[in-house]
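Worksheet: one structure, shown below.
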4 protein chains.
Amino acid sequence: MTESRRGRPRDTDIDERVLRAATAMLLEHGYAGLSPNEVAERAGVAKTTLYRRWPTKDHLAIAVVARLQEDDEITDTGDIRRDLTGYMVKIAAALERMRSAGRPAGDHDASAGVVAELVAAGARHDDIGRLGREVFARRNALALALITRARERGELRPGLDPVVLLDQLAGALYYRVLITGAPVDRAYTERLVATALDGARN
Amino acid sequence: MTESRRGRPRDTDIDERVLRAATAMLLEHGYAGLSPNEVAERAGVAKTTLYRRWPTKDHLAIAVVARLQEDDEITDTGDIRRDLTGYMVKIAAALERMRSAGRPAGDHDASAGVVAELVAAGARHDDIGRLGREVFARRNALALALITRARERGELRPGLDPVVLLDQLAGALYYRVLITGAPVDRAYTERLVATALDGARN
Amino acid sequence: MTESRRGRPRDTDIDERVLRAATAMLLEHGYAGLSPNEVAERAGVAKTTLYRRWPTKDHLAIAVVARLQEDDEITDTGDIRRDLTGYMVKIAAALERMRSAGRPAGDHDASAGVVAELVAAGARHDDIGRLGREVFARRNALALALITRARERGELRPGLDPVVLLDQLAGALYYRVLITGAPVDRAYTERLVATALDGARN
Amino acid sequence: MTESRRGRPRDTDIDERVLRAATAMLLEHGYAGLSPNEVAERAGVAKTTLYRRWPTKDHLAIAVVARLQEDDEITDTGDIRRDLTGYMVKIAAALERMRSAGRPAGDHDASAGVVAELVAAGARHDDIGRLGREVFARRNALALALITRARERGELRPGLDPVVLLDQLAGALYYRVLITGAPVDRAYTERLVATALDGARN
DNA sequence: GATTAATCGAGACGGTACGTCGTGTCTTACC
DNA sequence: GGTAAGACACGACGTACCGTCTCGATTAATC
């Protein structure tokens, strides 16, 4: 099955070095400050090598953030409010991390460059868009299952559409970060979940 | 009060011509297809003149969409659900308009490039970010007032936070367009408002 | 004869102010540093006014240097060597003055920008070229007459072509300043005249 | 000795194509008509590539004329007058070639734009100035050696300064082309050399 | 062990959009 | 009609950035 490769095998260490350098640049200097040229130089790698793995700056950027979010998980304690709050807090934290990228410390009350650029990247390249949507779909599937289970055990009203609920919750966070620039701290997140669940309860 | 200007006054017709050309290019060919150079040429205007008013391609793009949304208004019929639905439909329509920008007809089930690029522009330039947030703040202020009035006349429960409600509604739309790529048609919009108001009723 | 002008007469003080400012800029920052825009501002004059008198930056520059050389005169003492030396020294001095324009002090061993730019200006605009050649022709006419008189009174050999002699002398100075960058100090000038006259004597 | 280069080597053919295109434009349309942009296009080369080799339009122009003069050589027949005349004729021819650049045919009795612009370029950029002076120094070294040899074998008087003689000859040509606009045809050149040697003979 | 195929390093090359710079003209109001 | 102020036109220039291509040198698998 695994086609036997010929020729020199890829140096697996390179991925690590490149992504580390790219992550640093992206978080420190924002999307515009992420230069494949410079990433290659800092990682001690040829541009050819870099582009063989990530055919585009956009792809590289996506790879960076994908790796950053790998560890996000969803827990199911049986208390829907608590579980959703936990999930939202993780999302909010991730957003906050990128919101301040490329900005002087403390200047994160503005809006979020990197996230927007990544979304734009998804629009520029079909594969990135697909990949991004898949990532979110996979992550959200867990949350949707969570909601569905809560509904089935009677915590939520029967007619509730889990997708709409999730849109409301996650959407509010993204909306604040991307559009209005309002904070998405823990207090807000809890109030948000509480409000949404008020009408969702059975 | 009206400071008497000296020197040749700005030709107000130029704004019109430039923005018209820019709007066409932005909606037809997307953000990458918006070229200040070509806009100037099509508008019959010197590049210098264009850059005097919009110092950056980003500024020009923002001016375009700002003008596109000028006419969006909010009506207050006394029926909060109807009014909010109307508002959301308008937002959804605007998003849909930009989502398909620069894409072959029918290919709008992908995600939204222009919107994301504009958000990114807001992150690249402080003044654009401020301006964008002001526009949204002004527009949302009307919606917030609407919600507040509905709450005062007893349509909504007393403890409801209008901001959170609005975040949930508008956020869901942006979230679907920008992140998940799900449709934001009328049916969804109505379901969204209904769901959100379920828990908000008195 | 003098056509009776109508309207507001030109402010003669303006010529003075503008040329003074232009001279300063030209000598301090070289030809590229002479900006009509800035000259107008420094002279407290509108650009319109400036361009009404000097239709081009080139014309303005020429006017500046023409004024600088107004006082160059030729003396006829009866000693052809002495007179020619005097003339050449004046030319050399003028060249040295412009050679150092726009350069840090002491850095005049390079070549001469302003002179070259003025020559180029003469090539760009026919009128400037004509005017320049006339100025040189007028000045040289005096020198040629000087040589002719010396030849007639037997100081120089009969077959000598005054034009060729003058070309050799003035040419050598310009050649050094413009092309080779060699110095044109008094010692060189004297040696030059002596050498040229060696073969010109009767 | 030959340092082993790494990376993709420069395409030597590009210099050829670019310089050929630039030469054509410079000689046909003068200095203002030499557009790096268009040169790149005509040579089928990216602007980046062009600017990597000639960082400025001035540098490109200098490279063009430097190549034009590469083939100028000096012959030593033992007859100093003949040799110097030959050299001067070559210089005059080169000057005449550039004098008519960018002007309608027959309109070359004006003055010389390109030469002046090149001199100006030498003043704008130190490296160009140095390079230009080196080129002239190298070429003149041969002529100076010629003169020295003639002096040593008794054709010229012992006290003659070769540099001064060369200044007189070459200077006269440049002076006429750049300043007075007088012709530098063969007849004049011969008369010039004859006159200068009159006083230089032993 | 020789060959082969793919990777890596280095840097030139292509393409193109962007914004700047500089001159000179034009349009106001004012004198 | 001259003057002040500043917008406007025109166009060249150079830069920045991304991504491709071309070398030579390496490395591992295969014959």
Side-chain angles (χ1 to χ4, degrees), chain A residues 4-11 14 32 34-38 40-41 43-60, chain B residues 4-12 14 32-38 40-41 44-58 60, chain C residues 5-11 14 32 34-41 43-60, chain D residues 4-12 14 32-38 40-41 44-58 60:
Chain A
S4 77
R5 307 264 176 201
R6 291 168 58 108
R8 179 173 174 176
R10 290 196 179 173
D11 185 342
I14 286 182
L34 175 69
S35 155
N37 230 310
E38 199 176 341
E41 192 183 0
V45 159
K47 280 201 302 178
T48 325
T49 305
L50 191 156
Y51 278 105
R52 189 175 298 117
R53 303 169 191 220
W54 302 278
T56 288
K57 165 173 169 173
D58 285 340
H59 289 82
L60 177 59
Chain B
S4 82
R5 303 259 174 213
R6 283 194 298 238
R8 179 174 176 174
R10 291 201 176 172
D11 186 342
T12 53
I14 286 181
L34 175 69
S35 155
N37 223 313
E38 198 176 343
E41 191 182 2
V45 160
K47 261 200 306 185
T48 344
T49 302
L50 192 155
Y51 277 104
R52 187 178 303 113
R53 306 181 184 210
W54 302 278
T56 289
K57 167 175 169 172
D58 284 341
L60 178 58
Chain C
R5 308 267 176 196
R6 290 167 58 112
R8 177 172 174 178
R10 290 195 179 172
D11 185 340
I14 286 181
L34 175 69
S35 155
N37 230 312
E38 198 176 342
V39 167
E41 190 183 1
V45 159
K47 279 201 303 178
T48 328
T49 305
L50 191 157
Y51 277 105
R52 188 175 298 115
R53 303 173 191 218
W54 300 278
T56 288
K57 165 175 170 173
D58 285 340
H59 289 82
L60 176 60
Chain D
S4 81
R5 303 255 173 219
R6 285 194 296 238
R8 179 173 176 175
R10 290 202 177 173
D11 186 342
T12 54
I14 286 182
L34 176 68
S35 154
N37 223 313
E38 199 176 341
E41 191 183 0
V45 159
K47 261 200 307 184
T48 343
T49 303
L50 192 157
Y51 277 104
R52 186 177 305 115
R53 305 179 184 211
W54 302 278
T56 289
K57 167 174 170 174
D58 285 341
L60 177 58

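Here is the naming used below: chain letters follow the sequence lines, and residue numbers restart at 1 for every chain.
Residues Arg53(A) and Asp11(A) approach most closely at NH1-O, 3.3 Å, considering heavy atoms. Considering every non-hydrogen atom in both Leu50(C) and Val45(C), the closest pair reads N-CG1, 4.2 Å.
Ranked by how close their nearest DNA chain F nucleotide is to the 5' end, Gly44(C) and Ala46(B) are led by Gly44(C). Mapping Thr12(D) and Pro9(B) onto DNA chain E via the closest heavy atom, the residue that lands nearer the 5' end is Thr12(D). Two residues, Thr48(C) and Ser35(D), neighbour DNA chain F, and the one matched to the more 5' nucleotide by heavy-atom proximity is Thr48(C). Place Thr56(B) and Ile14(A) on DNA chain E by their nearest nucleotides, and Ile14(A) ends up nearer the 5' end.
Of the candidates dT3(F), dG24(E), dA9(F), the closest approach to any side-chain atom of Arg53(C) belongs to dT3(F). For Val45(D), the listed nucleotide lying nearest its side chain is dG14(E); candidates were dA4(F), dG14(E), dC13(F). Closest to the Arg8(A) side chain, of the nucleotides dT26(F), dA12(E), dC18(E), is dT26(F). Nearest to the side-chain atoms of Arg10(A) among the listed nucleotides dG19(F), dG14(F), dC8(E) stands dC8(E). When distances are taken from the side chain of Tyr51(B) to each of dG19(E), dC18(F), dC13(E), the shortest belongs to dG19(E).
Separating the CG atom of Leu34(C) from the P atom of dG22(E) is a distance of 12 Å, rounded to the nearest angstrom. Atom CD in Glu38(A) sits about 13 Å away from atom P in dA16(F), given to the nearest Å. Counting to the nearest Å, the P atom of dG19(F) and the CG atom of Asn37(A) are 10 Å from each other. Residue Glu41(D) contributes atom CD, which lies 14 Å from atom P of dG14(E) at whole-angstrom precision.
Lys57(C) contributes a side-chain N or O that, together with a main-chain N or O of Leu34(C), makes up a donor-acceptor pair within less than 3.5 Å.
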Stepwise side-chain contact (heavy atoms from CB on, under 4.5 Å) check, Arg52(A) with Thr49(A): CA-CA 5 Å; Arg52(A) 189 175 298 117; Thr49(A) 305; 4.3 Å; yes
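If you check every strand for non-hydrogen atoms under 4.0 Å, Leu50(D) touches nothing. Residue Asp11(D) is classed as a sugar-phosphate contact, given heavy-atom separations below 4.0 Å to backbone atoms only. Counting non-hydrogen atoms under 4.0 angstrom, Leu60(B) reaches nothing in the nucleic acid. Looking at heavy-atom distances under 4.0 Å, Thr49(C) makes contact with sugar-phosphate atoms alone, never a base.
Put simply, the side chain of Lys57(C) and the base of dG24(E) share no donor and acceptor less than 3.5 Å apart. Donor-acceptor pairing under 3.5 Å, judged by distance alone, is present between the side chain of Lys47(D) and the base of dG14(F).
Distances shown here put every side-chain N or O of Arg52(B) at or beyond 4.0 Å from the OP1 or OP2 atom of dG19(E).
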